[in-house]
4 protein chains.
Amino acid sequence: MSDMMETLRNEEKMTPKQIEIVKAAIELISEKGYYNTSTSEIAKRAGVAEGTIFRHYHTKKDLLVAIVTPVITNFSAPVFAKKFVSQVFQNDYEHFEDLLYAFIKNRFEFAQSNLPLIKILLQELAFHPEIQTTYKKEFGDKVIPAFNQALDFYKEKGELQDLPNETMIRMMVTTILGFMITRFIVQPDKDWDDEAEINQTIAYIMGGVGS
Amino acid sequence: MSDMMETLRNEEKMTPKQIEIVKAAIELISEKGYYNTSTSEIAKRAGVAEGTIFRHYHTKKDLLVAIVTPVITNFSAPVFAKKFVSQVFQNDYEHFEDLLYAFIKNRFEFAQSNLPLIKILLQELAFHPEIQTTYKKEFGDKVIPAFNQALDFYKEKGELQDLPNETMIRMMVTTILGFMITRFIVQPDKDWDDEAEINQTIAYIMGGVGS
Amino acid sequence: MSDMMETLRNEEKMTPKQIEIVKAAIELISEKGYYNTSTSEIAKRAGVAEGTIFRHYHTKKDLLVAIVTPVITNFSAPVFAKKFVSQVFQNDYEHFEDLLYAFIKNRFEFAQSNLPLIKILLQELAFHPEIQTTYKKEFGDKVIPAFNQALDFYKEKGELQDLPNETMIRMMVTTILGFMITRFIVQPDKDWDDEAEINQTIAYIMGGVGS
Amino acid sequence: MSDMMETLRNEEKMTPKQIEIVKAAIELISEKGYYNTSTSEIAKRAGVAEGTIFRHYHTKKDLLVAIVTPVITNFSAPVFAKKFVSQVFQNDYEHFEDLLYAFIKNRFEFAQSNLPLIKILLQELAFHPEIQTTYKKEFGDKVIPAFNQALDFYKEKGELQDLPNETMIRMMVTTILGFMITRFIVQPDKDWDDEAEINQTIAYIMGGVGS
DNA sequence: TATGAATGAGTATTCATTCAT
DNA sequence: GATGAATGAATACTCATTCAT
């Protein structure tokens, strides 16, 4: 939970009650969904009066957005913007596979320690346009450009097929997200060998299933 | 809409009002989600008294299940059980790519003409255990076995890598679903060249992005 | 049940479906009360369409009244009007105890074979003024006059105290009804020796508990 | 009404609105019965929003039970447990008639100032097993034992016949309840001479109607 | 006569939100 | 900041009753 609260970041400015509210909301909403979770339930679990929630978040949806927005930012942004791109050009990753490994590993661990938040994001994305907007902006402004730079770099190195970046990104993101959703949401209880699965995912991305 | 009602099949036994109810429910729920759609709204759009809904479906959830269950059955089952497997062994598809093409094309068209239903299925799957159960049963009983037979066949022909079927199925299904979700839900308004996209998806499944 | 249908009397003029409706209504209402029994439930148990009930009884309350009215009439009237009074004067009952015995026995057996009807009457009397009116009329017109004649007769014979008839009737009816309610409704499952209880009740009416 | 609210006792812990709710519920339910009284009606009469009812009582039935339970407790318990039994043995009541008089008088006054509550209890007892349970427990644990002690005492004094206590209690309770029901519910508007009626009831209990 | 689909007013209950303390 | 009583609009659902067939 403390990992996750880090994701929410501005904890410093939050009162203790507010922190309890957010914790309770994350737990309940990720378990039962936004519409099946009442503010009174959140208040009860947080050990707080109902009114207190609305002192900090004007509406229930404000609370949801306050929870979900940082996940979006943190899921996509930090990796790329600062370290990753520069690392690529510093030749930190000799092959595209190496970059992929570092990337998947990093996002995998993020997902693992923010699972409830990710669940909420996935489940509610469909119903709340505000969240969709944030997501699209973040993805377009940060993920795509970073990806583009990297892909061009490895294309020139001759490691990638000459497909449009957009197509490649879509294929790769789909595969990576699909892996994580299967791993953490569809079959979380299966006995996974995560390291092997990550490598297999990379192999699939690079070489498909054909022989 | 008439295409979609075919999916729901037992139209013959439905009263005209009942058909209107189902139509209205599909429209509204696919647009706004189950929890944002009230039964009074459905009744109004269907041109029916609210009580009429409950004469045909005892609860609101019953209505949802009645709508979603046939989609699951029709999305996974018919293609496989009868035609596909036998066609594979009759050598109707010389290469695995050919099978893939026929399969994706067929499911693509199904998705296209049942889009609202598919949307509902995807959005509500997370919240309704009843639907999950139906889905898992259908997938386990029909899709997996059919896939297994086909994969073994082309493996022996030397067209596929020697990966566990389960892994291969997961990768392929992920890629195909990911393609369709992008195509129909994330960016439905983009100017797609569907034929090209399908072929590219097949190429990705077979050979990845590496060169 | 056939005993009970006798009480409802005009069976001859009833269609078979109508008889089923009345039977079902008696069963359900006596078990669960009028307000907890829906017409659709009655229709289902009767094996009849919902509309059929309303073809025979314009409203649900009409059905109740049709069931309850004959009980009132039969519970109070027949015994008195014809046989009893004349029997009293024909010296069929030497002592008032003998009359009491014949009366209680007779009403006891009536209650026993019309238990569901009696239950309905007792439970619903409070809520339906129509029933109260019928009851009061029947009681005032038939029971009271018959009782009056009998009481006067045995008073003159010196067998009864010189209390106002009204008071005596109230005491006796209270005791008899109280006995039957205890016997059939409050503790129906107790292992009763009915003959002994009836005699004790008579002894109490005649001599109280003092020594 | 203030007398009655005393019966409900924990008034101190109730908010003003809650008190209004209970008052309104008692009025309406005793007039029209539980099933003919809607929560919206109660809210309106109480001058309160409908939701307020459910803030204090989770369900409509909870409200009924909250109203009825204290009546049961107060109708049977207090008189007996503490004062009465000890008074009997302190020879406060020389004859059984004296005890009877004190008892009936006391319960008569209680019934008089709690009439609506008593009405509700009588009318709803048949339909709500929860209430029946409370009633049976209270009666078995408190009323019966106290009665037993008193009856044994006066039996030894030779003032009572040698009948089983159970039978005697049943007869007496039946007579007393029957008197009160007639007095307050069946014919509340008759011009009663209460003192005379009580004495006549005692005379009946002790000596019956025979001469 | 009997049906059963349809009605629509009515029900208990929920819940996000407000506000006086 | 925090409380929690109060709100009232909205919700899923029920049910007696109607009516075309």
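Heavy-atom basis, side chains included; hydrogens, waters and symmetry copies ignored. Note on naming: letters A, B, ... go to the chains in the order of the sequence lines (proteins, then strands), and numbering restarts at 1 for each one.
Mapping A:Tyr35 and A:Gly51 onto DNA chain E via the closest heavy atom, the residue that lands nearer the 5' end is A:Tyr35. Taking for each of D:Phe54 and B:Ala49 the nucleotide of DNA chain E with the nearest heavy atom, the 5'-most of the two is the partner of B:Ala49. DNA chain F is contacted by both D:Val48 and B:Thr37; D:Val48 maps to the nucleotide lying nearer its 5′ end (nearest heavy atom per residue). Between B:Thr59 and A:Pro16, the residue anchored closer to the 5' end of DNA chain F is A:Pro16, taking for each the nucleotide with the nearest heavy atom.
Using N1 to N3 plus N6-O4 or O6-N4 for Watson-Crick, or N1-O2 and O6-N3 for G-U wobble, each under 3.5 Å, E:dT21 pairs with F:dA2. Using the Watson-Crick or G-U wobble rule with both distances under 3.5 Å, F:dT7 pairs with E:dA16.
Between the CD atom of D:Glu50 and the C1' atom of E:dT13 there is a distance of 8 Å, given to the nearest Å. As rounded to whole Å, 14 Å separates atom P of F:dA5 from atom NZ of D:Lys13. Computed from coordinates, the B:Asn36 CG to E:dC15 P distance equals 14 Å when rounded to whole Å. Here E:dT3 presents its C1' atom at 16 Å from NZ of C:Lys44, a figure rounded to the nearest Å. Atom CD1 in B:Ile53 sits about 16 Å away from atom P in E:dA9, given to the nearest Å. The CE atom of D:Met14 sits 13 Å away from the P atom of F:dA5 (whole-angstrom rounding). The separation between B:Ile42 atom CD1 and F:dA10 atom C1' is 15 Å, rounded to whole Å. The interatomic distance linking C:His58 (NE2) with F:dT17 (P) rounds to 11 Å, in whole Å.
Considering only side-chain atoms of D:Lys60, the nucleotide from F:dT18, F:dA12, E:dA12 that sits closest is E:dA12.
Under the 4.0 Å criterion applied to side-chain N and carboxylate O atoms, D:Arg55 and A:Glu50 are assigned as salt-bridge partners. With salt bridges taken as basic N to acidic carboxylate O contacts below 4.0 Å, one links B:Glu20 and B:Lys23.
Phosphate proximity of F:dG1 to A:Thr15: absent, as no side-chain N or O sits under 4.0 Å from OP1 or OP2. Contact annotation: A:Thr39 side-chain N/O to E:dC15 OP1/OP2 distance is not under 4.0 Å. Regarding contacts with the backbone of E:dT3, a side-chain N or O of C:Lys17 is found under 4.0 angstrom from either OP1 or OP2. Contact between the side-chain N/O atoms of A:Arg55 and the OP1/OP2 oxygens of F:dA2 is not found at any separation under 4.0 Å. Phosphate contact (OP1/OP2 of F:dT3, side-chain N/O of A:Thr52, threshold under 4.0 Å): present. For C:His56 and E:dT1, the shortest distance from a side-chain N or O to OP1 or OP2 is not below 4.0 Å.
Counting non-hydrogen atoms under 4.0 angstrom, D:Gln18 reaches nothing in the nucleic acid. Within 4.0 Å of B:Ser38, counting heavy atoms only, lie sugar-phosphate atoms of the nucleic acid but no base atom.
For NZ of A:Lys32, the number of neighbouring non-hydrogen atoms (other residues, nucleotides, ligands) closer than 6.0 Å is greater than 12.
Screening A:Ile120, A:Ile131, A:Thr134 for a side-chain contact (heavy atoms from CB on, under 4.5 Å) involving A:Leu125 leaves a single residue, A:Ile131.
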Assess the residue pair C:Lys61 and C:Glu130 against the criterion (salt bridge (Lys or Arg N to Asp or Glu O under 4.0 Å)); give the C-alpha distance rounded to whole Å, side-chain angles, the decisive distance to 0.1 Å, and a yes or no.
CA-CA 10 Å; C:Lys61 185 161 264 179; C:Glu130 314 87 319; 3.4 Å; yes
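Side chain to side chain, B:Gln123 and B:Tyr34 fail the donor-acceptor criterion of an N or O pair below 3.5 Å.
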